[in-house]
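See structure below.
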Amino acid sequence: MAHVVSSLDQPSNYKDSQTRVDRQRQNDLLAKSTTLYIGNLSFYTTEEQIYELFTKCASPEDGGGIKRIIMGLDRNTRTPCGFCFVEYYTHTEALASMRYVSGTKLDERIIRCDLDLGYKEGRQFGRGKSGGQVRDEHRQDYDPGRGGWGAQAQRLEIERRREVEERYADAQDGPGAVAGGGEDWKQEHNTSPGKTLKRGRSPEDDDNERSVSKATFLATGF
């Protein structure tokens, strides 16, 4: 069975493209690493929530504990973008988190833990074109915990709306444009604000009035 079930505290085969070390050197560093990379976080998960969860694998009685937490940030907005680094004092604590925390739920999301070579300044920022993580750049599904649609899909939707607005504006200004709500007519003809416009009398109105008066006289004698 040992060859069938993989160990839960083994690092993945992921290699940071910006790390200038070969695979063997990376494996040697990971064998002593005290830092974890935590992925698939909600944008709304706080540092306090992460601390509370990962403290469960800390061993303060053995001189351990969480040394620091570095939240992953959008490069442009400086807001959380779904990952973080958790740095322990001992390698044993990092392995315990991989074994017991990775694959569990935090804010209704299954989070991933992986051993990391160690945090360096600048790694807290997303590497996607839009400032966030690369995985959210091309994502086509709607994920409310990670900002809704993927960044590329959002850009396409914004461009589509802009084109619709431009076509609508051209239709209003061009030949055959649909008339407005009558405001121009009101401004042109209502030269006396506060007064109600009346229709002028016509000859037909005078004839009708005389006919009514004659009929009334014949019927009443007045």
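Predicted model only: the values in this text are computed from it and were never measured.
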Can you find a heavy atom in the side chain of V21 that is under 4.5 Å from one in the side chain of L117? yes
Taking V86 as the starting point, is it possible to reach L29 by hopping between hydrophobic residues whose side chains are less than 4.5 Å apart? yes
Could you tell me if the side chain of R123 sits less than 4.5 Å from the side chain of D116, heavy atoms only? yes
So the ring pair (Phe, Tyr, Trp, His ring centres under 6.0 Å) pairs with at least one residue in residues 110-136 (sequence neighbours excluded) are F85-Y119
For residues Y100 and L95: do they belong to one hydrophobic cluster (side chain heavy atoms under 4.5 Å, members Ile, Leu, Val, Met, Phe, Trp, Tyr)? no
Shared hydrophobic cluster for I70 and L73 (ILVMFWY, side-chain gaps under 4.5 Å): no
Linking I/L/V/M/F/W/Y whenever their side-chain heavy atoms sit closer than 4.5 Å, directly or via other members, would M98 and I111 fall into one cluster? yes
L41 side chain reached by D107 side chain, heavy atoms, under 4.5 Å: no
Minimum heavy-atom separation for R75 and G128, please, with both atom names. NH2-O, 2.9 Å
Considering non-hydrogen atoms only, spot the tightest contact between C57 and V101 and give its length. SG-CG2, 3.6 Å
Can you tell me if R139 uses its side chain to pair, donor with acceptor, with the backbone of D141 under 3.5 Å? yes
Could you note down all residue pairs passing ring pair (Phe, Tyr, Trp, His ring centres under 6.0 Å) where residues 42-66 supplies at least one of them, sequence neighbours left out? none
Nearest atoms (heavy-atom pairs only) where F83 meets C81: CE2-SG, 3.5 Å
Please check if the side chain of Q49 supplies one atom and the backbone of E47 the other of a donor-acceptor pair under 3.5 Å. no
Is it the case that the side chain of E93 and the backbone of G65 share a donor-acceptor pair, with hydrogens and angles ignored and the cut-off at 3.5 Å? yes
Quick one: are Y88 and L36 in side-chain contact, heavy atoms under 4.5 Å? yes
Atom pair CD (E165) and CZ (R161), whose distance is rounded to the nearest 0.5 Å: 8.5 Å
Residues I110 and N40: closest non-hydrogen pair is O-ND2, 2.6 Å
Would you say the side chain of H91 lies within less than 4.5 Å of the side chain of L115, judging by non-hydrogen atoms? yes
So, R135 and D143, do they make that salt bridge, N to O below 4.0 Å? no
Distance col, row T45:OG1 vs E108:CD, nearest 0.5 angstrom, shows 10.5 Å
T34 versus K67: any side-chain heavy-atom pair under 4.5 Å? no
Nearest heavy-atom approach of S33 to A94 is O-CB, 4.0 Å
Does D28 come within less than 4.0 Å of R25, counting only side-chain N to carboxylate O? no
Can you tell me if S130 and E137 form a side-chain donor-acceptor pair at under 3.5 Å? yes
Between the side chain of T35 and the main-chain N/O of G118, is any donor-acceptor distance below 3.5 Å? no
Side chain proximity check, M71 to I50, heavy atoms < 4.5 angstrom: yes
Looking at side-chain heavy atoms only, is the closest gap between I38 and L106 below 4.5 Å? no
Mind running side-chain contact (heavy atoms from CB on, under 4.5 Å) on T92 and D62 for me, showing each step along the way? CA-CA 10 Å; T92 302; D62 297 327; over 6 Å; no
Taking atom CD of E52 as the centre, report whether more than 12 heavy atoms of other residues, nucleotides or ligands fall under 6.0 Å from it. no
